[in-house]
Each structure stands twice: as C-alpha cells, then as structure tokens.
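Below is one structure, written out as structure tokens, with a few remarks after it.
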Amino acid sequence: MIQPLEMQSLTLALLDGHSASASTLAALPADHAQQYLAFLREHALLGSVGLAVQNQSLQSALPEHLRVELAQHAEFQRAYNQRALQTTIELNDLLRSQGIPVITLKGCYYAKRYWQSLEKRFLWDIDLLVPAEQRWQALGHLQSAGYATMPGYVPRGRLLRSLTHGVTLKTARGPDLDLHHSFRARPGYRIDYSDVWASSEAYKLEDAELQVLSSDHELLFLLLAVAHDIEGGKLKLKLLLDLKLLVLALDAHMDWPAFLARRRAEGLDKLCLHVLGFLVLALDMQAIAPRLNQQLEDASPLEDLADRNKVQRMLYNPRQSPENRRWLAALSPSRAGVYLLWWTLTVPLRYAMGRKI
C-alpha cells in the first residue's frame, strides 16, 4: 500500500514538472497506481496532474493506460472550468443587475491569478459573497433563476448568520453555488465585513470585471477555510496548494507582524499563525517563504509550530478526528470548552441545514 505522504510528494513533483516524477508514477505497481489515482480524485487534482503530464518529457515516461486516463480528466477539467467561468460571470451579472454587490471567492479568478491558468485548478463549485443584510434578497433572485437550496432547513435572521457562513444552491444547468454572507461563523470571530467590502478590488477576467477580496482578506479567508477543513478531517491538497501559492505571492513584501496584529482585533491571530505553521510544515516551505519562516521562528515556542509529525498525522487523519477537532478548539478565540460545547449543541441544526460538519 502506498502511503498518503508518498502520494502527496509525487503529486507535488508532478505539478512542478519534475521529469523523474513521471518515471516514479510509471513504476508504481498496478494496484498502487489505482490507489494513487483515487488519491488525486479525492483531492480534486486529477485534471491538474493530467494537464501537468501533458508536458512531453513527463508524458513519454507513462504507460498508455495512465496517459489516456489522465488525459481524459485533463480534457474534462478544461471544459468544466470554462462552464464554471461562464456561470460565475452570469451570476455576477444577475445579482448586480438587482443592486446586490458581489465578491467572487476563489474559483476562476483564483485559478487565473495564482495558478496562472484557468484550466490548471479544478473549479468544482462557485463561491460568491454578498452582504449579510441582502442575502435573502440574493437568494430569492437565484431561486427565480432556477437555483434551489439543498434539501434542508434554512432559518432566517440571526440564527442563520450565527450557525453557518452561507447556503448551498444547486441547478441542473451548471456547478453548485455556495452563497456566502461571511467567511466563517464560529464563536468569537470578530471579522469587520464593512472593511472586507470597502477594501475589495476589481479584477479583469477575460471580458468580465469581477470584484474580489483584497490580498489581506484573501489570505484570511483561505486560512479559515484550511483551518475548518483540518478540523473536519476533510482538507484537500488542492486547498492547501491554494494557500501555498498565495503565501508565495505575498511573502516577499508581506508585513507578517502587521497582518497578525489585524487578526488579533478579530480574535484570529493565534489561529492564523498556527495554520501558517501547519502549511509550512505540511508542504516543506521553510526555504521558499523566508519572511514567513522568520515570523514563525519569532513566534516560538508556540505549541505545534515545529511538530512536523503531528502536522503530517493531522493532514490525513480520518473525518471527524477528535485530535483535529481539539486542535481547532484550542485555537478558538473562545475557550476550547465553550467552542466544543457550541459545536456539539448546534450539530443538529447545522446538519439539518445541509452544512458539512
């Protein structure tokens, strides 16, 4: 059986275009090769690796069955991403035409800006942020356009806002939509969304202009997404690579102490610092993000920031791992016991709302 960390290392090498990685893949026994393809599927990277090995020096080393399967996923990703882009633009146009501001989160914008190509990052669903006070208006317009909320309970008012960051909608015509009114909803999070909206910026994507997060809030959004996927034991390598690419783009000019000071006002400095440490240890980034690594060294001896074994274990712990749950609870701005009590008591309602818990 091939181990998850071996599959992770092979994936990173293939995505970076290392010629020896294709030979490593080609040399895998048939059962290990199928296990590896299942790993890529689970982490939403089949198409991305398929595109990477279309580089001739990589492709020529692969047996035909692997070339064909990876090529099929690469072609599917190309077509699906174009569809996701068109849907993203249509949804932006629909909501804006009704006077509802929209920020596009991750997705096609992120693929173009940080993965350097729309086709390289698989776009499974679409994430849009609307102002919390206009979320019901937005939901009504989307339902009129053919979107339906997933089966489940969707409460109004403060209950929805305090339990979840958004609502998932489905349509027969395209990708699912996550309609956000916040980044995350957890006890003690004090994010100033008036600042999120005021600092957002325009981004030109093909013939469309999308509103996107500032780099500061983009980083916060991804750190929270990674943290909560770690908590649930469902972190995908693709999301960790999203965070890596953003950190690498920012590190040369980033004032990390100032970034963490801004997070302190939100109750999130400790959580963000530990997720950054998790990223560095999980993807061996010590040599390629020097300013961040200096910040992590200055923060020592904070617990877990140098515990590589714990990071590697948590990365591939099963879903609902108690270790992962306790890790996030200890980093919560509310006390760990308060957080775990909140999480336990609200599970039935969040589950009824169709949220992944």
Side-chain angles (χ1 to χ4, degrees), residues 11-12 15-16 40 43-52 74 76-92 95 101-130 165-166 168 174-180 182-184 196-197 199-229 234-254 259 272 275-276 279 282-283 285 289:
T11 302
L12 298 178
L15 291 174
D16 286 341
L40 292 179
H43 290 273
L45 289 169
L46 260 172
S48 300
V49 169
L51 288 161
F76 174 82
Q77 183 159 306
R78 281 195 186 96
Y80 190 90
N81 283 9
Q82 283 295 329
R83 188 179 175 193
L85 169 63
Q86 188 59 40
T87 304
T88 300
I89 294 170
E90 290 171 359
L91 291 172
N92 269 270
L95 294 173
V102 184
I103 291 176
T104 299
L105 305 172
K106 298 186 300 179
C108 52
Y109 140 75
Y110 206 88
K112 186 72 172 180
R113 189 168 194 171
Y114 297 109
W115 289 67
Q116 306 306 315
S117 170
L118 178 68
E119 65 182 21
K120 287 185 177 181
R121 179 193 186 273
F122 184 48
L123 310 178
W124 180 249
D125 56 11
I126 294 166
D127 292 86
L128 300 178
L129 177 70
V130 297
H165 57 273
T168 298
D176 294 350
L177 167 64
D178 263 3
L179 185 68
H180 293 243
S182 66
F183 294 168
R184 291 281 158 173
V196 170
W197 285 97
S199 64
S200 65
E201 55 193 48
Y203 184 81
K204 186 79 170 178
L205 185 61
E206 299 199 359
D207 294 329
E209 187 174 276
L210 303 177
Q211 202 71 12
V212 301
L213 296 172
S214 67
S215 58
D216 188 86
H217 287 121
E218 185 90 63
L219 181 55
L220 172 61
F221 173 72
L222 280 181
L223 289 169
L224 292 177
V226 168
H228 287 277
D229 279 3
K234 58 187 179 184
L235 179 63
K236 295 189 184 303
L237 189 55
K238 184 188 80 167
L239 181 59
L240 206 56
L241 289 171
D242 281 342
L243 182 56
K244 174 185 176 179
L245 291 173
L246 179 57
V247 166
L248 291 180
L250 297 178
D251 189 58
H253 55 82
M254 186 67 163
F259 172 80
C272 287
V275 177
L276 288 165
L279 168 75
L283 298 185
M285 292 176 59

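Side-chain atoms are counted along with the backbone in the values below, which use heavy atoms only and exclude waters and symmetry mates. Numbering of residues begins at 1 and proceeds along the displayed sequence.
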Pairs of donor and acceptor atoms involving the side chains of residues 101-111, under 3.5 Å and at least two apart or interchain, shall be tabulated with distances.
from   : atom 1 : to     : atom 2 : distance (Å)
Thr104 : OG1    : Asn92  : ND2    : 3.2
Tyr109 : OH     : Arg113 : NH1    : 3.2
Tyr109 : OH     : Glu218 : OE1    : 2.7
Tyr110 : OH     : Asp242 : O      : 2.6

Close side-chain approach of [X] and [Y], heavy atoms under 4.5 Å:
X      : Y      : value
Asp176 : Ile126 : no
Val226 : Leu240 : yes
Phe183 : Leu213 : yes
Val196 : Leu129 : yes
Leu243 : Val247 : yes
Gln86  : Glu90  : yes
Leu128 : His180 : no

Can you name the closest pair of heavy atoms from [X] and [Y] and give their distance?
X      : Y      : value
Gly50  : Ala74  : C-CB, 3.7 Å
Asn81  : Leu118 : ND2-O, 2.9 Å
Phe259 : Asp216 : CD1-OD1, 3.3 Å
Pro175 : Tyr80  : CB-OH, 3.5 Å
Lys238 : Ala44  : CD-O, 3.7 Å
Gln211 : Ser200 : NE2-OG, 3.2 Å

Rounded to the nearest 0.5 Å, what's the gap from [atom1] on [X] to [atom2] on [Y]? Could you check?
X      : Y      : atom1 : atom2 : value
Leu85  : Lys112 : CG    : NZ    : 9.5 Å
Leu246 : Met254 : CG    : CE    : 8.0 Å
Leu91  : Thr87  : CG    : OG1   : 6.5 Å
Trp115 : Lys120 : CH2   : NZ    : 9.5 Å
Leu235 : His228 : CG    : NE2   : 12.5 Å
Leu15  : Leu241 : CG    : CG    : 6.5 Å

- Short N-O contact, Arg78 and Glu119, less than 4.0 angstrom: yes
- Task: Take Trp124 and Lys236, measure what side-chain contact (heavy atoms from CB on, under 4.5 Å) needs, and give me the verdict at the end.
- Result: CA-CA 12 Å; Trp124 180 249; Lys236 295 189 184 303; over 6 Å; no
- Message: Applying side-chain hydrogen bond (donor to acceptor under 3.5 Å, both in side chains) to Gln77 and Ser48, what does each step give before you reach the verdict?
- Response: CA-CA 8 Å; Gln77 183 159 306; Ser48 300; 3.3 Å; yes
- Message: Let's go through Asp229 and Leu239 carefully: what are the C-alpha distance in whole Å and the side-chain angles of both, what is the deciding distance for side-chain contact (heavy atoms from CB on, under 4.5 Å) to 0.1 Å, and is it a yes or a no?
- Response: CA-CA 9 Å; Asp229 279 3; Leu239 181 59; 3.3 Å; yes
- Query: Which is it for Thr88 and Leu205 under the side-chain contact (heavy atoms from CB on, under 4.5 Å) test, yes or no, and what are the steps along the way?
  - Reply: CA-CA 11 Å; Thr88 300; Leu205 185 61; over 6 Å; no
- Please test Leu46 against Phe122 for side-chain contact (heavy atoms from CB on, under 4.5 Å), starting from the C-alpha separation and ending with a verdict. CA-CA 9 Å; Leu46 260 172; Phe122 184 48; over 6 Å; no
- Query: Is the side chain of His43 donor-acceptor paired with the backbone N or O of Leu237 at a distance under 3.5 Å, no angle test?
  - Reply: yes
- Message: Given 3.5 Å as the limit, does a donor-acceptor pair link the side chain of Asp178 with the main chain of Asp125, or not?
- Response: no
